[in-house]
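Inspection log for the structure reproduced underneath, given as structure tokens.
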Amino acid sequence: MFNQTGLRIGALQRGDSGVYGARIKLHPAMVEDQFFNLSIYESVPSPRTRSQLLASTLEWCNVTLQCQGAGKGAVNVTWKRDNIVWERSSERHQLSPDGTTLRLSLPPAATNGTLACTVSNPADRRVVLFDLGAICQAGGGQSGFSKSGYIVLTLILLALSMGGAFWCWRVNSDKAAEPAASHTAPAEEPPPEPPGTGTERRSPPEGNDQGPSPTGNDEEPSAEQKAPVTTVHEQPHQAPGDTGEE
């Protein structure tokens with residue numbers, strides 16, 4: 001009898017799952033047994049989602065979408081767009097065997113709108129929407145890298161900029177050290193000349209020490225050299241009376 005007999009169970013737990021039986025007695029002597037299978041499911045938490053832009057050009061947008069259940073127990077994942085459920089792979093989209101990953105190749109006209117991912121079990125369900133236009137516009141209409149590619153490129157540029165700054169600092173430090181070293185270093189004395197290599201200066205010869213001048217370079221003697229030299233011999237004078245012989 002509908003709404004007159006029933007069994008209500010509150011605060012369900014996993015151990016409450018099983019088969020429940022009911023026996024109905026009808027007058028005068030009719031007995032009827034019925035069985036109910038009770039299954040307990042946990043609530044479906046918000047699924048884990050991830051979108052990755054593989055390439056975005058003026059003609060195509062290639063993306064990968066992931067939608068996974070985060071709770072315990074088995075869940076079902078379905079993809080829907082414009083009330084059409086995508087259950088199998090096609091020319092423009094590839095679906096993983098477990099249904100959690102979807103790869104799309106869309107023309108610009110197909111990027112307008114949203115794609116719904118539903119994670120459900122027989123007792124609960126959660127729906128997540130992906131904005132295809134926002135995901136494809138992340139590439140700016142040009143060929144784009146994935147998120148990991150941008151991270152690697154950023155690290156490479158950062159390393160190059162740090163290396164260039166360090167090289168400039170080393171060059172400036174070396175240039176600043178060179179003037180300081182030139183002021184503090186003592187002046188070096190020139191090495192002594194070996195004997196016999198210098199030019200000896202001698203006083204002009206006097207008197208007869210002067211040798212003959214080379215041929216072709218004869219010069220006229222001076223007035224002192226032309227005057228004759230007179231030699232005077234002095235003789236002793238004898239006193240008168242001393243001429244006799246002793």
Side-chain angles (χ1 to χ4, degrees), residues 10-14 16-17 37-169:
L12 290 173
Q13 298 179 1
R14 295 296 297 269
D16 295 332
S17 299
N37 185 13
L38 177 62
S39 298
I40 309 299
Y41 297 92
E42 293 184 357
S43 299
V44 176
S46 298
R48 298 189 300 265
T49 60
R50 181 171 179 260
S51 61
Q52 183 179 9
L53 177 63
L54 301 178
S56 178
T57 64
L58 297 176
E59 298 179 354
W60 292 97
C61 175
N62 299 328
V63 297
T64 298
L65 306 179
Q66 291 182 347
C67 184
Q68 297 177 345
K72 297 180 180 180
V75 294
N76 185 31
V77 180
T78 57
W79 300 86
K80 182 187 293 186
R81 182 178 184 182
D82 298 333
N83 295 326
I84 299 176
V85 179
W86 291 357
E87 297 179 348
R88 298 178 180 178
S89 299
S90 66
E91 182 180 356
R92 293 185 178 180
H93 68 270
Q94 292 81 36
L95 191 63
S96 62
D98 58 356
T100 60
T101 303
L102 180 64
R103 294 183 179 180
L104 300 174
S105 297
L106 302 175
T111 58
N112 297 327
T114 59
L115 185 63
C117 170
T118 302
V119 179
S120 62
N121 59 25
D124 194 12
R125 59 183 303 196
R126 293 293 178 94
V127 179
V128 179
L129 298 179
F130 291 90
D131 189 350
L132 298 178
I135 297 174
C136 290
Q137 288 177 2
Q142 303 294 333
S143 57
F145 295 99
S146 63
K147 185 181 295 183
S148 59
Y150 281 112
I151 294 175
V152 173
L153 180 60
T154 302
L155 294 177
I156 292 175
L157 293 177
L158 181 60
L160 291 177
S161 61
M162 293 180 64
F166 179 74
W167 181 80
C168 294
W169 176 78

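These figures come from a predicted structure and were not determined experimentally. One is the number of the first residue; the rest follow in order along the sequence.
Taking every heavy atom of both residues into account, Ser17 and Ile40 meet most closely at OG-CG1, 2.9 Å. Residues Arg126 and Asp124 approach most closely at NE-OD2, 4.4 Å, considering heavy atoms. Counting all heavy atoms, side chain and backbone alike, Cys117 lies closest to Val77 at SG-CG1, 3.9 Å. Ser51 and Leu65 get closest at one heavy-atom pair: CB-CD2, 3.7 Å. When every heavy atom of Pro47 is checked against every heavy atom of Cys67, the shortest pair comes out as CB-SG, 4.1 Å.
For Asp98, the side chain to side chain donor-acceptor pair (under 3.5 Å) partners two or more places apart in sequence, or in a different chain, are Ser96, Thr100. Partners of Ser90 according to the side chain to side chain donor-acceptor pair (under 3.5 Å) rule, which considers only residues two or more places apart in sequence or in another chain, are His93. In this view, Arg125 satisfies the side chain to side chain donor-acceptor pair (under 3.5 Å) rule with no residue, not counting sequence neighbours. Scanning for side chain to side chain donor-acceptor pair (under 3.5 Å) contacts around Arg103 gives an empty result, with sequence neighbours left out.
With hydrogens and angles disregarded, no donor-acceptor distance shorter than 3.5 Å links the side chain of Arg50 to the backbone of Gln66. Between the side chain of Thr118 and the backbone N or O of Val127 there is no donor-acceptor pair closer than 3.5 Å.
With values rounded to the nearest 0.5 angstrom, Cys136 atom SG is found 9.5 Å from Asp131 atom CG.
Between Trp79 and Leu95 the shortest side-chain heavy-atom distance falls below 4.5 Å. Contact check for Thr49 versus Phe130: side-chain heavy atoms found under the 4.5 Å cut-off.
Every pair passing salt bridge (Lys or Arg N to Asp or Glu O under 4.0 Å) that includes a residue from residues 37-47 is listed here, sequence neighbours excluded: Arg14-Glu42.
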Validation: residues 104-116 side-chain donor-acceptor distances under 3.5 Å, sequence neighbours left out:
residue, atom, partner, partner atom, Å
Ser105, OG, Asn62, OD1, 3.0
Thr111, OG1, Pro108, O, 2.7

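Of the candidates Leu102, Ile135, Leu53, Thr101, Thr64 forms a side chain to side chain contact (heavy atoms under 4.5 Å, CB included) with just one, namely Thr101.
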